[in-house]
Amino acid sequence: MSNNFSEKIRSLSEHYRSYTAENLSEIVQIPSFSGEEKNVIAKLKELCQDAGFDEVYIDGLGNLIGRVGNGPKKIAFDAHIDTVTVGDEKQWKTPPFSGQITEKLVLGRGTTDQKGGAASMITAGRILKELGYGGEFSVYFTFTIMEEDCDGMCWKYIIEEEKLVPDFFVSTEPSSCNLYRGHRGRMEMEVSFEGVSCHGSAPERGVSAAYKAARGALAIEKLNDELQPDEDNFLGKGTIVVSQMSAAGPSQCAVPDQAMLYLDRRLTWGETEEMAVQQVKDVIPECKDVKVPYYDKTSWKGTDFGQDLYFPTWKIERDHPLVTSGEEAYRALYDKNVKVDKWTFSTNAVAVCGRHKIPSIGFGPGDEDQAHAPNEVNKIEDLVICSAFYASLVYSMEENL
Ligand SMILES: [Zn+2]
């Protein structure tokens, strides 16, 4: 990026170092488990308004959407602001919702996964406003809900129901300030088995659904070994595992006539829902059916929404303009190259890029291994880098349009 903005952006993000850390601390102090995000959404709305955003509103599901700029193209920066629960509280050295700020860190549940991204986004919006941004982009900042339960569902809603369809998408999930351009997809499957029950004293009279499921489980173990990586080995190989199993019949003294295997499947590039279901049917010919379960839940706003538990794989090319613009923005700010890589876990980009093919990247503060862990922390330095990067990316994209 050759423009004069990068120096200015870097010093503004530095100037706002404690503002960003304090905003993160404030939103960490408001618990927001999936489906219970009402209070944190209200706080974020206030923060976006104070930062001078041009528009701030809550959508039909309960996501908070902020906008800076009014250009014809749309770029969206996204942070989910729900968190997982705290787990065993005895394992936390400071209370999970303290939001304590130390010299280098902000402490608490959600600091890294992923309210840190949200805090950096607010500062980026503030910086764009201060620079008087009025370019080609409407810059959306989305603070989304229910991600931990059903990744991407919030964005399925934004695109399909709210009809807000960005041209480019940036997930701010933790990437250690690396630039990510994909991750594996995932899905869940329920395999059912049917047998014929009979008295347990004479099992030869019946057909055991439990033994069918047991043979099925071993077939899944073998299938996992046979799965192949993607062509360029960027995402690596898919996996499949039995995550639950059950069997039941008319009594504990009977041959069971019903059984179930629950499967967790990770999908590499080129592996689709239909293909993965067919694979299971092929290796377990004894099964009755293979289903992808449906998830639905009522949001904090009282809206019912749901989807199949299928989260498509996504990636974009190494030389996509969104990737190269990100590289340029980073170089202009810090005079060094950003690492381009992929996530291990799953993000809202499954809906945006996986389902709706909208070019996406990831860049976020904090390390992936902090997610869902006790004593979760985020680094204030990462927050500063991210607020600068998000603002710079807008200008950098503009040059490459
Ligand atoms: Zn997350």
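Just the heavy atoms: all of them, side chains too, but no hydrogens, waters or symmetry mates, feed the values below. As the structure lists them, so they are numbered: ligands from 1, and atoms in each ligand from 1.
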Contacts table for residues 205-213: side-chain donor-acceptor under 3.5 angstrom, sequence neighbours left out:
residue, atom, partner, partner atom, Å
S208, OG, A210, N, 3.1
S208, OG, Y211, N, 3.1
K212, NZ, E194, O, 2.8

### Message
Check for me whether R215 meets the cation-pi criterion with F193, that is, NZ or CZ under 6.0 Å from the six-membered ring centre and within 45 degrees of the ring axis.
### Response
no
### Task
Using the ring of Y19 (Phe, Tyr or Trp, six-membered ring only), decide whether R126 places NZ or CZ under 6.0 Å from its centre and within 45 degrees of its axis.
yes
### Pairs where residues 300-313 contributes a residue and the test side chain to side chain donor-acceptor pair (under 3.5 Å) is met, not counting sequence neighbours
T298-D304
### Message
Tell me which pairs pass side chain to side chain donor-acceptor pair (under 3.5 Å) where either residue lies in residues 378-388, with sequence neighbours left out.
### Response
R17-E381, D367-K379
### Summary
Smallest heavy-atom separation, W92 atom then D88 atom, equals CD1-O, 3.6 Å
### Query
Is any protein N, O or S atom closer than 2.8 Å to the Zn ion (ligand 1), and if so, which?
H80 NE2, D113 OD1, E173 OE1, E173 OE2
